[in-house]
Amino acid sequence: MPCFLFLLLAAGCVDEAQEREIGEAIAGDINQQIPLVQDPLLNAYVERLGSVLAQASDRPGLDYHFFIIDSDVVNAFALPGGYIYLTRGLLEQTRSGPELAAVLAHEIGHVAARHGVQKLERQLRTGSVVGMLYNVILGGQPDLLRQRALGLGGALWSARHSREDEHEADELAVEYLVRAGVDPAGMVSLLQTLLQEEADQDTSRVSEWFSTHPVTSQRISQAKEEIRSVDATPPEDRKSVV
Ligand code: ZN
């Protein structure tokens, strides 16, 4: 039985060590069950770009990991602890390094702001997760517990974030992109591409993205506003990574 579940039950809040443990456990399950792109050059590029952005984030101390899911679906998500996933479908939608960087920076923003962890903490406080886990633990069915734990992980990463969390992740993404010396305009152009694709009724590829990251013209305007409000001059000592 994973010990982090006991810690969660006991404390009702999640510290950084527990967050890492939760992320690692869920990532282990996901990586066993979902096909990942194994392309050394592409993986190295995403890893390097993501690492530079993570170092420019508000939580540079986490050990970040970046994975590409081998799927046509367009989506990206972040697990607690710094495990970031994007799909091949989303990668193919990006037309430039800054657009890809914008996706990674947005997901790093969710991790830095602890959005997934806060969601879990809220569930713990309301007792819904606690009740579920108690039932399973008292029932003494370890396999079922593992299954439910994965379900818990699934809820964390597949559930849609609130509009406020999405907005905050966008704001943080702009900051991190600028700090890393990447043109934040990539975020606007990617969002415009996705919005256009949805308007063209080609929803089979982008529908997943829209269910977790709703793109609206308001969100694009807010991103533009954020870019205008930050000093877009990258630090002199930092070379662009894209
Ligand atoms: Zn998001």
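All residue numbers in this chain count up from 1 along the given sequence. Both ligands and their constituent atoms are indexed starting at 1 by order of listing. Heavy-atom basis, side chains included; hydrogens, waters and symmetry copies ignored.
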Item to check | Salt-bridge contact Arg20-Glu24 (side-chain N to carboxylate O under 4.0 Å) | outcome: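 Between Glu24 and Arg20 there is no salt bridge, as every charged N stays at least 4.0 Å from the carboxylate O atoms.
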Next on the checklist: If the threshold is 4.0 Å, N to carboxylate O, is there a salt bridge linking Arg228 and Glu225?
Outcome noted: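 Yes, this pair counts.
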Next on the checklist: Taking the side chain as everything from C-beta on, heavy atoms only, tell me whether Asp72 gets closer than 4.5 Å to Arg88.
Outcome noted: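 Yes, side chains in contact.
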Of all the atoms in [X], is at least one N, O or S atom closer to the Zn ion (ligand 1) than 2.8 Å?
| X | result |
| --- | --- |
| His110 | yes |
| His161 | no |
| Glu166 | yes |

Checklist entry - Parallel, tilted or perpendicular: which describes the rings of His115 and His110, with under 30° parallel and over 60° perpendicular? => result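 Geometry flag for His110 against His115: perpendicular rings.
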